[in-house]
Amino acid sequence: MAYGMEIRTANGFESIAGLRSAQLAYRSLKSTASGTDTAPSGFTSSNSILALEINDGKTPPELTFDGSDITWTENDISYTSIPTSTDFYLMVWRVR
Amino acid sequence: MAYGFSAENDNGEIVIDDSLPIYSLVDETTVSGTTSPDHSWYEYDACVGATPLFYKMPNPSVLLPGENGKILSGESSLQVREAQDISGRPSLGGYGMEIFDASGNMVFSSSYDMVPIDDQYVAEVDYDNSTSVDITASGDWVHLPSTTLRAKYVASGSTDVALYAFGLRRSSSTLYEVRGLFVRIIATGVSGAPTSFSGVVKVPALISL
């Protein structure tokens with residue numbers, strides 16, 4: 001390359017100029033089927049995405065990310081025997 | 001920024017800085033799915049511990065959330081990339097560049113391969129499953145970071161309840177279709193339930209190059 005900076009990626013060396021990364025901005029263990037939390041300052045639904053890590057093998061909660069407020073609610077699937085998870089990590093990944 | 005380190009892309013978006021750990025590639029391999037309880041799908045892990053998994057979606061194929069925090073696919077095996085936030089990996093020292101945050105956690109290392117992201121997407125599709133939303137993306141690797149499932153009646157007047165999961169169907173090398181996909185019948189002979197549905201389901205996806 002003539003100028004700039006290249007880094008190693010899963011696809012070989014690439015210029016920073018054309019890359020996006022996923023960065024872990026927030027990770028918090030949750031133990032209730034519903035609740036609210038606040039994303040760290042500066043992370044919104046326009047530059048970040050919510051992620052889950054389910055620890056108990058149950059149904060993921062529904063998530064909303066309104067501004068900086070994160071809400072998770074019990075999934076209202078009827079007739080299924082698998083309840084909503086009460087043991088999961090809620091994460092915020094910055095992408096943009 | 002007043003001090004520290006930040007590297008941005010052409011859009012002015014931070015790719016690396018001295019505050020947040022990037023996700024790096026741990027392994028790339030091929031895994032076999034586990035047959036789902038009703039034998040309609042193959043199940044795959046979505047995360048193993050703190051390591052999110054990106055699956056390479058063949059064209060055509062589908063990827064959708066399961067009831068148990070896992071991912072469903074019609075493919076019996078898939079290529080997978082395991083990622084990990086780099087703060088959980090050891091500093092290799094020697095030569096190259098490593099960046100640490102104010103607490104001494106490693107947030108970047110030139111010794112590890114970064115997982116390159118195409119983009120994040122949050123598609124809004126109708127709960128009634130009447131519409132789909134197209135995502136134009138050139139990346140092959142998909143992680144469904146938070147999952148959404150819904151139950152609905154198979155057809156107006158029916159007494160069978162079906163489970164739908166809102167996920168991705170890859171329809172070409174550059175096009176993904178977001179929509180509700182039938183998972184299985186979860187109840188039969190149910191009466192008195194609504195036959196119409198309204199509302200919007202938000203379906204997030206993270207696509208990697």
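Since the structure is predicted, the reported quantities are computational estimates derived from the model, not experimental observations. The figures here come from the full heavy-atom set of this structure, side chains too, leaving out hydrogens, waters and symmetry mates. Per chain, numbering begins at 1; letters A, B, ... match sequence-line order.
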Item to complete: Side chain from CB out, backbone as N, CA, C, O: work out which of these in B:A205 comes under 4.5 Å of a heavy atom of chain A, or both, or neither.
Response: backbone

Worksheet, complete the sentence: Between the OH atom in B:Y112 and the CD1 atom in A:I7, the distance rounded to the nearest 0.5 Å is 15.0 Å

Practice prompt. Grab the two heavy atoms, one from A:V95 and one from B:Q120, that are nearest each other, plus how far apart they are.
Written response: CB-OE1, 3.3 Å

Practice prompt. Please determine which of A:F43, A:W93, A:Y26 meets the side chain to side chain contact (heavy atoms under 4.5 Å, CB included) test together with B:L20.
Written response: A:F43

Practice prompt. Check whether any side-chain heavy atom of B:D17 lies under 4.5 Å from a side-chain heavy atom of A:Q23, and answer yes or no.
Written response: yes

Response to the item:
For A:L19 and B:P116, the nearest pair of non-hydrogen atoms, with its separation, is CD2-CB, 3.9 Å

Worksheet item: Is the shortest side-chain N to carboxylate O distance from A:R96 to B:D119 below 4.0 Å?
Response: yes

Discussion item. Once rounded to the nearest 0.5 Å, what's the spacing between atom CG of B:D45 and atom CD1 of A:I54?
Written reply: 12.5 Å

Fill in: Taking every non-hydrogen atom, the tightest pair across A:R20 and B:D118
NH1-O, 2.9 Å

Response to the item:
Of all heavy-atom pairs linking B:S111 and A:R8, the shortest is O-NH1, 3.1 Å

Worksheet, complete the sentence: If you tally heavy-atom pairs under 4.5 Å between each of A:A17, A:G57, A:A51 and chain B, the highest tally belongs to A:A17

Worksheet item: Among A:S85, A:S45, A:G18, A:S48, who wins on heavy-atom pairs under 4.5 Å with chain B?
Response: A:S48

Worksheet item: For atom OH of B:Y42, is the number of surrounding heavy atoms from other residues, nucleotides or ligands below 6.0 Å larger than 12?
Response: no

Item to complete: Looking only at non-hydrogen atoms, find the nearest pair between B:N9 and A:I16 and report the distance.
Response: CB-O, 3.3 Å

Worksheet item: Closest approach of A:I49 and B:Y121, non-hydrogen atoms and distance?
Response: CD1-O, 4.0 Å

